[in-house]
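Numbers here are sequence positions counted from 1. Just so it is clear, the values below take in all heavy atoms, side chains as well, and ignore hydrogens, waters and symmetry mates.
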Amino acid sequence: METEIKTNIAETEVSETAASAEAAEAAIPETAVPEPVNACENTEAGKTAAEPEESAPAEPVETMADYDEELEASFRRINEGDILSGTVIHVSEEEVTLDLNYYAPGVIKAADMSKDPSFSLVNDVHIGDKIEGTVIKRDDGAGNILLSCAEAKEVLGWDKLASYLEEKTILSVKVSEVVNKGVIAYLEGIRGFIPASHLALEYVEDLSTFVGQTMDVRVITVEKEKKKLVLSARDVLKEREAEKLNRKIAMLAPGTVLEGKVESLMPYGAFVDLGGGLSGLVHISQISQKRIKNPSEVLKVGDTVKAKVLNTNNNKISLSMKAVEENTEPEPVEEKVAAQYSSGKAVGTSLADLLKGIKL
């Protein structure tokens, strides 16, 4: 009896072991066995299977080093008052959205973009622009960092203005309004004053004609403590006018004879207006062939004179009236028409003709 029981137990264990082996074998996925390939058989691309197919270029493998900058930026600590720089990714009439290279985007409301009343988000800000802003709130309630461009400009703008003053940089501004004795224009988001005397080369009576105009200016006064910024368009205009005159002067060749009007007399010479904004000096020694003690001895203001260009050194025209006189050839003496007497005979004007009819 014991022998039968042991036999049954052994058979049971064997059957269980076999069932377990069959289950394990079923769990292993079947591997497809490739069929033998005929070396002469053509592939779809017209190649034999024996020929190796061209492999696609390997794509660059990204590593964690490629994200070091992004990771470092995401872990940085941002506090209120910090000045951040970002790239514009969205613009609307109400706000601008910036990519700060941070896990949260930056938002600048229209009122915080600029203090310039003529500023327009839609017209003056574009996707891709780089903008700096001061952090007002780390979270505006919608997961964005709230920034102010106007505050950032107030902090950074004065340093830029100081550099513009030192380097005499020419800048373009738009006149926004007329105030007492001048107009207002904004530069780097800061309110600047252009005095009426610095708007043009000549006196301007109606300042309202400048509102809305864009003009080139130069910074002439920067006082951060007093928040005083003064600009000048006249300085730029004078410089450009001088450049034009210098080009005209450079084109004058020594020896050229010019005509002009005496515009002023000085003890050392006379200034002659040559037209086109050009003026030259005739030194007292070059006014006349005879010696004079004062130009007023032979000239007066308004006289039309001819003078020769001696040189144009240092963009100044040096003239000589004396040189013109020296090169002037004497005019040919016209033959005098013989006097007609009542007798109808012609009488010459030579000494022989005059003595011919005299009886001694």
Side-chain angles (χ1 to χ4, degrees), residues 168-170 172 196-205 209-210 213 215-218 220 232-340 346-354:
K168 298 183 179 180
T169 308
I170 295 176
S172 181
S197 59
H198 282 264
L199 280 169
L201 292 174
E202 300 177 352
Y203 174 75
V204 179
E205 188 170 351
T209 58
F210 288 92
Q213 285 191 24
M215 59 173 56
D216 291 337
V217 298
R218 183 174 279 136
I220 59 175
S232 174
R234 186 190 64 186
D235 285 9
V236 178
L237 294 173
K238 284 177 66 176
E239 184 176 293
R240 290 175 177 172
E241 193 69 19
E243 290 174 356
K244 289 181 182 178
L245 291 176
N246 291 342
R247 285 195 293 269
K248 289 182 180 180
I249 293 173
M251 294 174 68
L252 291 177
T256 305
V257 176
L258 304 173
E259 185 175 275
K261 286 188 176 183
V262 177
E263 59 180 353
S264 64
L265 296 175
M266 298 293 174
Y268 52 83
F271 285 96
V272 178
D273 181 6
L274 302 172
L278 298 179
S279 179
L281 172 65
V282 184
H283 190 266
I284 188 170
S285 63
Q286 296 296 324
I287 290 178
S288 176
Q289 293 187 18
K290 65 178 182 179
R291 286 191 176 185
I292 57 175
K293 293 182 178 180
N294 196 295
S296 60
E297 294 178 22
V298 293
L299 293 173
K300 64 179 182 295
V301 174
D303 284 352
T304 299
V305 298
K306 287 185 177 181
K308 181 180 288 187
V309 178
L310 295 179
N311 61 68
T312 56
N313 297 338
N314 299 320
N315 295 316
K316 295 179 181 179
I317 305 172
S318 180
L319 302 170
S320 174
M321 293 170 55
K322 184 171 71 173
V324 175
E325 294 178 5
E326 291 173 350
N327 295 338
T328 301
E329 297 181 0
E331 296 182 2
V333 178
E334 297 180 3
E335 291 188 9
K336 302 294 182 181
V337 179
Q340 298 291 329
V347 180
T349 57
S350 66
L351 181 59
D353 289 335
L354 292 174

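- Sorted by first and then second residue, the salt bridge (charged side-chain N to carboxylate O under 4.0 Å, His left out) pairs involving residues 294-308 (not counting sequence neighbours) are K300-D303.
- Residues satisfying the side chain to side chain contact (heavy atoms under 4.5 Å, CB included) test with T169, not counting sequence neighbours, are Y164, E167, L171.
- Here CD of Q289 is found 11.0 Å from CE of M321. Values are rounded to the nearest 0.5 Å.
- K293 and I284 make their closest contact through O-CD1, 3.5 Å (heavy atoms, listed as atom of the first residue, atom of the second, distance).
- Closest approach of P267 and P295 over heavy atoms only: O-CD, 3.8 Å.
- Note: K168 NZ to I220 CD1 = 12.5 Å, rounded to the nearest 0.5 Å.
- Contact between F271 and M266 at its shortest, heavy atoms only, is CE1-CG, 3.9 Å.
- Counting only heavy atoms from C-beta outward, the side chains of N315 and L245 never approach each other to under 4.5 Å.
- Of all heavy-atom pairs between L237 and L199, the closest is CD1-O, 4.0 Å.
- Interatomic distance, R240 CZ to I170 CD1, rounded to the nearest 0.5 Å: 5.0 Å.
- Between the side chain of N294 and the main chain of S296, a donor-acceptor pair closer than 3.5 Å is present.
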Problem set entry | Audit row: V217, H198, side-chain contact (heavy atoms from CB on, under 4.5 Å) steps and yes/no | CA-CA 9 Å; V217 298; H198 282 264; over 6 Å; no
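- Shown here are the side chain to side chain contact (heavy atoms under 4.5 Å, CB included) partners of S318, two or more places apart in sequence or in another chain: L310, N311.
- Residues satisfying the salt bridge (Lys or Arg N to Asp or Glu O under 4.0 Å) criterion with E239, sequence neighbours excluded, are R218.
- With sequence neighbours left out, the side chain to side chain contact (heavy atoms under 4.5 Å, CB included) criterion links R291 to no other residue.
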Validation: residues 247-265 side-chain donor-acceptor distances under 3.5 Å, sequence neighbours left out:
residue	atom	partner	partner atom	Å
K248	NZ	G276	O	3.1
T256	OG1	A253	O	2.7
E263	OE2	S279	OG	2.5

For this session: Report the C-alpha distance between L319 and L274 in whole Å, list the side-chain angles of each, state the deciding distance to 0.1 Å, and finish with yes or no for side-chain contact (heavy atoms from CB on, under 4.5 Å).
Result: CA-CA 11 Å; L319 302 170; L274 302 172; 4.2 Å; yes
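- Note: K290 NZ to K322 NZ = 13.5 Å, rounded to the nearest 0.5 Å.
- Taking all atoms of both residues into account, the shortest heavy-atom contact from A233 to M215 is CB-SD, 3.7 Å.
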